[in-house]
Every structure is written in structure tokens, then in C-alpha cells.
Amino acid sequence: MLAEGLIILCLVIGTVFNGLGVLGLLRFPDLYTRMHATTKATTFGSIFTSLAVIIFGIWSFFRTSDLQFTTLAIHAFIATLALALTNAVSSHAIARAAHKMGIKPMPAVCDRLEEVH
Amino acid sequence: MRRYLSVAVMLILAAFLMFIVTGLTFGNPQYADMDDYFIQNGQEQIATNNIVTTIVFDYRGFDTLGESTVLFTAVIGVAMLFRKFTGGEYDEDE
Amino acid sequence: MIEMLAHILVLAGLVISALLVFYFRDLMAAALASGFFSFLISLEFYILQAPDVAISQAGIGAGLTTAIFIIAIRGTQRYEEAGK
Amino acid sequence: MMRMSKIVRTCADLMYPFVVIFGWYVIMHGHLTPGGGFQGGAVVATGAALVIVAYSYQEITSMLKKAVLMVQESTGLLLFIGAGLGGMVLGFPFFFNWLANSGSLFGMSVPYGPNPGELNTAGFLPLMNIAVGIEVWGGLTLVILYLLSGLEKGEA
Amino acid sequence: MIEEFIFTNLPALMVAVPLLAAFVCPLVAQISPAMRKMWVMGSMAITSLLGLLLVMRVYTMGTFVYVFGASTPGLSIPLDSGGIPIRIVFTVDAMSAFMDLIIAIVGFCVILYSLSSDERRTSPQYYYTLFLLLIAAVIGMVSTGDLFNFFVFIEISSLASAGLVAYSVEKGRAVEAGLKYFMVSALGGIFLLFVIGILYGQYDALNIAMIAQRMQFTMLDKIALVLLVAALAAKCGAVPMHFWTPDAYSLAPSSVTAMLVVASQASLYGLFRFTFTMYHLSLNYVTIGWTIIVLGVLSMVIGVTMAIPQKDVKRLMAYHAISQTGYMLLGVGVGLAVLGNETAINSFGTIAMEGGIFHIINHALYKGLLFLTAGAIIYRIGTRDLNRMGGLGHSMKYTMIFFIIGSLAIAGIPPFNGFASKLLIYESVYLFNPFLAIIAMVVSILTLASFVKVFHSIFMGPPLPEFASVREVPLPMLLGMGILATLVILFGVFPQTVVNLIVAPAVHALIDQSGYISAILGGA
Amino acid sequence: MLWNLPFIAVVLLTAIGISIILLKKNLVKIFMGLNVLTSAVNLFIIAVGYREGGIAPIFTNAPSPVMVMPTPQALCLTSIVIGVATTAVLLAFAMLLYRMYGTNDVEAIRELRG
Amino acid sequence: MTDTWYQMDIWFPVVGILVFLIACCTIRLFRGPTAADRAIAVDTVNTLTIASMILLGVAYRQIILIDVAIVYAVLSFVSTLYIAKYLGGEL
Amino acid sequence: MNLMTTLSTGSGFWNPVLWLVALIITLIIAYLIWARGERQYKAGTEQVKPFISGNPEPRKGAVHIRAGNLYWGFTDALQGYYRRVIPLHTGILTDYLLWVLWVTALVCILVVV
């Protein structure tokens, strides 16, 4: 029963964070804040949904001792790992490109990247 | 004029293609004997688990050769288009 | 039921993103919409139980085609009409 | 064409071996799990596209030689058509699966199940998967390289 | 041993040899130019030889069925499959063999011709690779018995021809021509894929014979038929879709153009094959027959009238190619329009189809010859503008003779081969509808007029000072043209032999649907 | 049953693809339209082979009740690769034409006419 | 694998919600003032698609389908990088 | 005469060899007639020079009739036709595709309805 509860919890957390991320994407005023919302929240949420799958795999493996569930867990883990790595990098690249394009954040704050370059 | 002609031909073709929607049923094909043969015999004959790969490389392997050839042709074509010109070009070759 | 709803949503998204490809005058945005279209069609293949095709579409359609479209846009012009 | 930022380059360096390994996993297990020569080749070629995007064109052309890739592509195709012709040499038609269920190389039969470990099966399918994988890898990388060479002022 | 090997695997070898040669060609070209020439020439010679062998084999022993990947080559239906073909089947019947013959002859001559001018090309290895791929694709198109395989080969052929059309990249306009050609072909390819989807979804078969057997002619089949006809007619250049033809034919190198004619005819073959074999009587044959006839008449008239005011020699010939395609469509369309009518098809339908099919090989020969002569002239004088030419008859005698032969043949002057096939078409179409026959004759007269103009402006007149240094073209070029010219004369002098030997079996193979089906499905 | 929804989507996508090809003037945009059209046909072929409640034609679990048809997937793989090859060559054409004509507008690329 | 209530029902609603979120992203794709905004929307769709693919793989009881998600996760950001490189003026 | 060369067309026949023989005989007769005339003709003398009302003879190259000048009468007579047909070849790619699609649609209407 613990595992099932954990799975449901993870799924709920993941769904909520994904929803918040998309909400942020839709509602935030400028590019950098939207990026902040989507990158962090959806990565977090997706990691949690994958975590639910991983937990399900491990739990089913212990329940049925069928080896295919370890495959499930491992593959889901690899996917999550790749997701976490690539999402951050692509967001970085887009933010950098946006800054080079000359998009300024909505309320004027100090621009450290400008000083660096 | 051209715009209206384009929209009209698009609408006519879409209307005729709508016969697909009425003529075929999604999820319930009329005949399935060839695919049933693949599904039933593919694993023993070729000793694979993935029937799609079996079809791609064995039952319809020749298509796959043609398809790799398409890719090869495309690469050769692109390489030909962006080739370097070393000079001595003729205005009209033949 | 919910599965079917998801299916309908994916199909609707497909049509909408194709319309977006039609709509955008900025070719960059159109290429993005085209990539979006590829993702969705890959998801649709996945739902229709064609994982091989989904992998293929993910690798070729979503990855490479968008990349070469962007290279081509860089090699030509960014907006549909020149001088914008 | 310039190189991208250091973060991206590092990530590309990190990801590229992983992508190649994963692509070869897809190629090698093509007859057991979803995948195969095209898909795996496309995955590896997209990995190459990842490296290409991270670096500048000069660095790329010193890393990936077009002539080598062309040879690679031709080799893959020759291997592919050779595997087809192999059956013909043995007295069967073109593209006869002359290795399936033969008991020798790639000649085992396969059990049901998701466990990808039965690589020694399926006749000449793994051979063809490898051949097509090599070919698609070389081909799609070449397409991107040539299209990029069209962007450069000095080239072409 | 080796003969047995070759004879059992002929259709596969026909495709495999040029493909293998094409794959190796970029590698061989790195060694030395001489090596490359030998490789290309040798592989093409082998392909032509195999083609001739295959043609002989088919005309003596009937339809050749070759199954890829089965345990024995002739086993089209596995024993445990319950009567359905599951693998790709090559069905080389008389019609396919007829097309193979054309490809073998024209391909050989063209390669021979183009070898002598390749020092003018940059990176010729790409040129030859694409050329060999085109030949392999066309061979595959005409000999396959599988719908999807046909699509794959048609895509190879359009990619390779688009690359070859755009070969002279630095001219710029060649790229435009290639783009137009390729875009139309890509649209045609998408149509074909749609057709495959529709037919597959209904009948769960990709084999043409299997689809023909299961054909019920529902509404979807009609739509599939229309898409097929439109795609393949666009690919072969029938008139309202012909716009790519003059561009592509005129801007491609001449040897490529001669081969592009054959590639278009392969799509024509596809059109005939699908309408006759796959749909046969189940289609609304009168409507489709009349559609093809109308397309053919339009092609004839508009092609020839557009040709007359042209000033570019190759563009003019390209319009003539459209016009001649109209004759084939007319002849075979008449055959299709009376397909269900027993008396009509016996009295004139077969003859009309014989004329149309005979015209295919004649057209490939003389149009190839004409394009090659045009290429030879351009090779020597460096311009393609008819207004700037003149007086070349003094310096290029052999080319002039070949040109005369070709232009008399295309105009339907006896005793060359064009007359024989046109006579067949006139007489049979007259029985079908006199009006069409009169149009065909008028078009033939206009063709003659137009070629008189070309001949006059290229060869006649006093020798011009700017072409004082022009010499005869090199020997391999003359040899390539000479083979074609000899065949043109031979086919003209012995028309009945040719008709009896190769054309009549091809027509019979087209009409006889049940024979085609039973060759694969076994006595259906 | 799903009321043939994928087929309706296919028809709509085809219509959109045709309109992109016919109404747009930029070459790259036209190629995107061609891409949409190709994807629509691919989707059609896959949808034709779908069977209600079927699973992917890969023997992972024990002999399964019903599987979707595998041949369309093989055809679709081929057609995807053909599509990318077509797109690559077409884009190469577009880049070269832009370099030579200085424009990407189909109405300006018309040196060959008449 | 036995079928109990949560295995039957829990995955598909989550997938439905995720697909709904994907559909929502089209709004930003449509409206986004700059190309960078649209790139973010596409990036979000990538992430959500991967999540829904993993969940669908479990829901359909097809372990092998997870491979598709891995390919996706590895490759989807390549196109994003190309876009970023173009937008940054580095291509 | 010879079965190999005779082409039967269903309603008639055609023999190129017979035709050739007839052609050759005609040519011989024509040659004989031609050879009997022109007895006073001597090459290279004043009489073969063109006489253009006392004007100087134009340069050799200018005598040649160029291709564009041939058949102007024909094209002139068909002005109305050519004015309609030539502009159809617009050179615009999408127009060509539109033609293809229209033909598809029309044939669709013809066949299906």
C-alpha cells in the first residue's frame, strides 16, 4: 500500500508542477520569467512522473520478480537523466540567444551578463 | 483569381478525400491476411521478436535497399549541388 | 474514455500546429511550428502503437528536419517576404 | 558560423558518447526491441548534428571529414547489398535470409519476452541493421555538413 | 554453373549491378579518371547485356516471376500462406521486357556518348553515380510487380533525375529547372503514397496482381485511380501538367535528357500497367480511356504548336517530346476506351495499342538520337540559340546525317521507324474516331515543318565565320549516335518483324489481365 | 471505434498542406507544406493499419491477443526516410537559388518560361 | 501483471492532463511575441511529451515503448540548440 | 513481297522496301530529267554570280536566314492562339502545381460523378 500511495503522490506532484509550469508559460509577462517557469517546473514535474514509473517498476519487480520491470525502471531512469541534462542546456542556449537578440527583462534589473561580455 | 482557384481545388480534393473517412473504418481493417501471416509466422521463420524489423529487412528487404538508395541519392545530389568549382567551366557543356 | 480524449487532443493539436505553419510569416516560427508538428505526430504514432515509426519520426522528423530547415533559413531569408 | 557557449559544448561532449552508445543499442537490438538500422542511424546522426551545432564549422571539418563519411556511407551500402547478394551466391534468390535458423552466426531462434539479450538471432538481420546504421549515420551527417558548407562564404 | 546463376537471377541482377556500380563509383573515382571511365562503361555494358538476355528469355519463355527472399526464385506464394503473395515479386512480362530493351539500348548509347565529354564536367563521379542510379531506378520501375516498390523506385528516379537536371549548377537556371521537375515529382510521389494507403487499407495487399484480383471498384478505388493517373501523367509530361518538361529537358546535359525521355516513358509504363493490369475492366474504362485520349490530343497539339516559335534548340525538342508522348497516350488510350468491347478491340483496339507501344520504343530511339545530336552541336559551338547557329553542315557532316535521320523519323517520313508506328496509330484511330486521326496527321505535318526549320537554321547556309574552327565531334559520341541511328533505320525497314517480335507480345501482356494474375497467383 | 478521427485529421492536414503549397510564395514555406503533406500521408498509412485494442507488433509479452498490422509501419519507415531525403535536396535547391537569384520568391524565380 | 484498480486507471488520466497541457502550449506558440518565446513553448512540449510517453508506455503495458521516450529525450533538444544558435546569430 | 518488311495495319499494309524501290526509281527519273537540262551551265563563270539589281552582293553570313525569321507567317496567323497559350507557361512553380491539382480534381469529378 505504501508503494501505491507513493506512486499516486508522485503523479500528483508531477502533474501539478507541470500544470504550474504551463500556467507560467501562458501567464508570465516576459521571456525570462516564462523560461524560469517552464524549465524548472516542467523538469521537476516530469522527473516526478518518471519517478512514479520507476517506483512502479521496482515495486512490481519485488511483487512479481519479473525481470522486465527492472528494464522498465532503468529505461525510465535513463530517460529522466537525459531529460534533466538536456532541458537545462537548451534553456541556457535559448536564454543566451535571447539576450544576444536584445530581449530585455520586463522590469529593468541589473544585467550581469551584459557586464561580462 | 489564382487564390480562389487554389482554395477551390483544395476544397474539391478535400471533399473527395473525405470518402476515405466513410469508406474505411478505423481500427477494423477489412482484410488482414498478409499481416496475420507476418504476425503468426514471422517469429519462427526469421527468429526475431520485432515483426516490423522482420518486414523491413526480410520480407520487404528489397524496398529497404531502394530506400537506402534514396538516401544515398539524396546525399550524392546534395554533394553535387554544393561541389567546389575548380575553374575551367564551360558555358554550355553539351 | 480518457485515452480517447487524449487521442482527440493530440489530433486537434496536429491540425492546429499545421495551421500555425500556414499562418506564421516568420519562417523561424514556422520551422518551430513544424517541429512541434513533428513532436505531435510522433506522439500520435506512439499512441497508434507504432514505436518504430515513432523513433524514426523523433530522430529524423523532429531532430534533423528542423535542423536542416533552420540551416536553409539561415542560407536564405528569415521572413516570407523580402525586405522585412 | 561560430561555436556556442561553453556550457553547450560541454554538454555536447558529454552527450555525444551517450548518444552514440544509445544509437548503437537501438541498431543492435533492432530485431528485438523497437528500432533498427534507420532509427539507430538517425539517432547517431542526430548526435553528430549535436556536435556540429556546438562547434564552429572549421572545428567540425577538422573533426568530421566528408571523404571519410562518404566512404562510410558507401561501405554501409555495400555491406547491405553484399548481405543480400550472399544468398544469391549460395544459390538462393536475392535477399534470401541465408543465416536465419542456421544455427551458426546469428542463427539461433528467439524466445518470447522483452529481455534484450538474444542478440545471436534473426539471421542476416543484425548484419543489415549494422550496415544500414552505418549508412544512415554517414548519410544524414553528410547532408547536414554539405548544407552547412553552403552557408560558408569561402566554400563552394 | 555461371549461366545457370545468371539465368535464374536475371531480374535481380538487372537492378543489383547498376546499384552496386553506383555505390562503388564515388570510391573508384578517387583512384583515377581512367579507372572511373572503365568502371562506368563496364558496368553499363554488363547491365545492357543482362537486359538483352532478360528480354530474350522473356520473349521466348514467357513471364519471368522472381521473388525476393523466398527459398526458390519462382515461389511467389509460400505454401503456408493460403494463397497470398507476401514478398516483393518482380514480374517481368513482355511489356516490362520491352521497356527493359529500351533502357538497355539507350542507356548504353548514352553512357558511351557522355564519356567523351566528361572532361568538361567538375566532379564527374557524382554525375555517373546519379546516372547509374537513374538507370537502376528505371529498370526497377518497369520490372517490379509491387506497388510500394514502384513508389520507391520512382522516388529514386526523380531524385536522381533532379540532381542530373541541375547538374550545371553554375548556370543557375538549371537549378530552377531541377526544382520545378522535382517539386512536381514529389507531389506525384505523395499522390502515389496516398494510393498505396488507400489500396492497402482496403485489400491488405501490395502486390499488383493481388490487388487486381481483389479489386471491387469501390468509391475509394476510383479516387485511387484518379490520383494514380494524375501523378503518373504529370511525371510523364502530359499536357496540362507538362510545364516542367521543357525546362528540365532543355537545361539538363543532353545525354541526361536522352535518359530522361526513357524515365518519363517508365512512368508512362506505370500508367499503362496500373490502368490495364490493376484495374482492367473493373474500371470505368470508357471514361478513363477518354481522359487519356484527351490528355494525349492536348499533348500532341499544344506540344507541337509551342515548339514552333522556340529559339532554343533543346527546348524545341522538349516540346516535341511532349507532342510525341501524346501519340503514345492516344494510341493506348484508344485501346483502353474500347477495352470491354470485344469486336472493337479485335478490329482496331489492339492495332492502336500496338501503334502506341511501338511508338514508345521509336520515340526513345529517335528522340534520344536527336537530343544527342543537339548535344553534339552544343558541345562544339557552345551555344544553344538557334538564331546564332548556321552553316554547320560543312563541318559536322556525320552529325548532320544523324540529325536528318532523327528528324525524318520524328516527322513520320518513310522509311524510318516513326512512320510505321504513326501509320498504325492513324489507321486504327481513324476507325475509332476520324477526327482524332486527322489531328494526329496535322500534328505530324507540323512536326516536319518545325524540324525543317531546325535543320535549316543549324546546318544550311554558308559557313559562318564564328564557327570556322568547328570540327566533328569525337568518335565515342558518333558511335553512340550511330547505334541509335542504325536502329532507327532498322526498325523502319523491318516494322512487321519488330511488331511481331516485341510489340504484339507486349500489347497482349497489357490486355491479358488474367494471365498476369495467374503468373503470380497461380491459375486464379 | 473512435469515429474515424485520424482519417478526418489526415484529410484536414492534406487540405492544409495543399493550401500551404499553393498559396505561399516562399520556397522554404512551400517545402514545409510538402513536409506536412508527407506527414499526413504517413499518418494515414499508420492509421490504416491500426486494429482496435491492438498492441505494437513486437513479441514482448507472451503470445498476445491482437496486434496492429506491421506492414504499414514498415512502409511508413521507408516513406519517412524518403521524405527527409526529398526535403534535404529541395532545401539545397532553395539555398542555391537564393544565392543565384537573390530571392526566394517563387514568383521571381521564373527565368524559364514560354 | 495483475490488473487492480490503480493500474488500470491511474496512468491514463495523468496522460490526459499532460496532453491537455501540451495543447495549452499551442497558445504560447501562437502568441509568443518573439521566436524565443516560441522556442520555449516547443521546449516545454518536448518535456511534456517525454513525460507522457513514459506514462503511456506503462499504461499500454509495453515496456519497450520507453525506448522511444529515451530517443526523444536525447534528441529533441538538438533542434532547440539549432534554433538558439540561429537566434543568437552564431550559425 | 517480303513478310518481314510488310507492316499490316488491320485495314491495309505498308512495305518500306517497296516504297524505297519506288523512291529510288523516282529519284533516278528525276536525275535523268535534271541531267538533260542546263547544258549551258558552266561553274565558276560570271553566270552563276547573283545579280541583285546592280547592288553589291551581301556578305556570306548575312545571307543566311536565321531561325527566328522562319515561320513568322505561321506564328503571325496563329497570333490569337499563341497569345493565350504562351502566357500559360508562366514559369511560376506554384502555378504548375496548381495545374496538376486541377487536373486531378477534374478527373476526379469526371470519374466519380
Side-chain angles (χ1 to χ4, degrees), chain C residues 1-17 19-21 23-24 26-40 42-47 49-71 73-75 78, chain G residues 9 11-27 29-30 32 34-43 45-46 48-50 52-53 56-57 59-60 62 64-87 89-91:
Chain C
M1 182 58 208
I2 287 179
E3 184 187 357
M4 199 161 106
L5 204 67
H7 196 161
I8 293 169
L9 272 173
V10 171
L11 289 172
L14 267 176
V15 175
I16 289 170
S17 55
L19 279 175
L20 287 180
V21 174
Y23 170 79
F24 285 139
D26 184 356
L27 284 179
M28 203 62 214
L32 276 168
S34 178
F36 186 88
F37 180 84
S38 281
F39 294 139
L40 283 183
S42 178
L43 189 59
E44 174 67 24
F45 287 153
Y46 192 92
I47 291 174
Q49 299 287 335
D52 290 87
V53 187
I55 290 181
S56 183
Q57 182 73 25
I60 288 176
L64 275 165
T65 309
T66 316
I68 63 176
F69 265 123
I70 288 162
I71 292 171
I73 291 168
R74 168 68 178 75
R78 176 160 169 188
Chain G
D9 285 334
W11 310 107
F12 276 123
V14 180
V15 174
I17 293 169
L18 287 182
V19 173
F20 174 71
L21 293 178
I22 289 174
C24 287
C25 289
T26 52
I27 299 173
L29 187 71
F30 175 63
T34 63
D37 292 278
R38 298 193 171 114
I40 295 173
V42 172
D43 208 31
V45 172
N46 285 344
L48 294 177
T49 311
I50 293 157
S52 52
M53 275 188 176
L56 270 176
Y60 286 136
Q62 292 264 293
I64 45 172
L65 294 190
I66 308 278
D67 283 8
V68 186
I70 302 178
V71 173
Y72 233 88
V74 170
L75 298 186
S76 63
F77 89 123
V78 173
S79 62
T80 317
L81 283 186
Y82 271 87
I83 291 161
K85 192 162 181 175
Y86 178 77
L87 290 179
E90 291 166 327
L91 189 68

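We use all heavy atoms of the structure for the numbers below, so side chains are in, but hydrogens, waters and symmetry mates are not. Below, chain A is the first sequence line, B the second, and so on; all start at residue 1.
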Which heavy atom of C/A54 sits nearest a heavy atom of G/V68, and at what distance?
-> CB-CG1, 3.8 Å
So what's closer than 4.5 Å to chain C heavy atoms on G/V71: side chain, backbone, both or neither?
-> side chain
Return the minimal non-hydrogen interatomic distance between C/A6 and G/G16, and the atom names on each side.
-> CB-CA, 4.3 Å
Pair up each side-chain donor or acceptor in residues 8-16 of chain C with any protein partner under 3.5 Å, not counting sequence neighbours, and list the distances.
none

So, the part of C/L19 with a heavy atom under 4.5 Å from chain G: the answer is neither
Check whether any side-chain heavy atom of C/T66 lies under 4.5 Å from a side-chain heavy atom of G/T80, and answer yes or no.
-> no
Heavy-atom proximity to chain G below 4.5 Å, by part of C/I47 | both
Can you see which heavy atom on G/Y86 is nearest to which on C/M28, and at what distance?
-> CD2-SD, 3.2 Å
Side chain, backbone, both or neither: which part of G/F20 has a heavy atom under 4.5 Å from chain C?
-> both
Just wondering, do G/V19 and C/H7 contact through their side chains at under 4.5 Å, heavy atoms?
-> no
Whatever's closer than 4.5 Å to a heavy atom in chain G on C/S38 counts as backbone
Compute the centroid of each ring, for G/Y82 and then for C/F69, and state whether the two points are separated by less than 6.0 Å.
-> no
Applying a strict 4.5 Å limit to non-hydrogen atoms, the region of C/L32 in contact with chain G is both
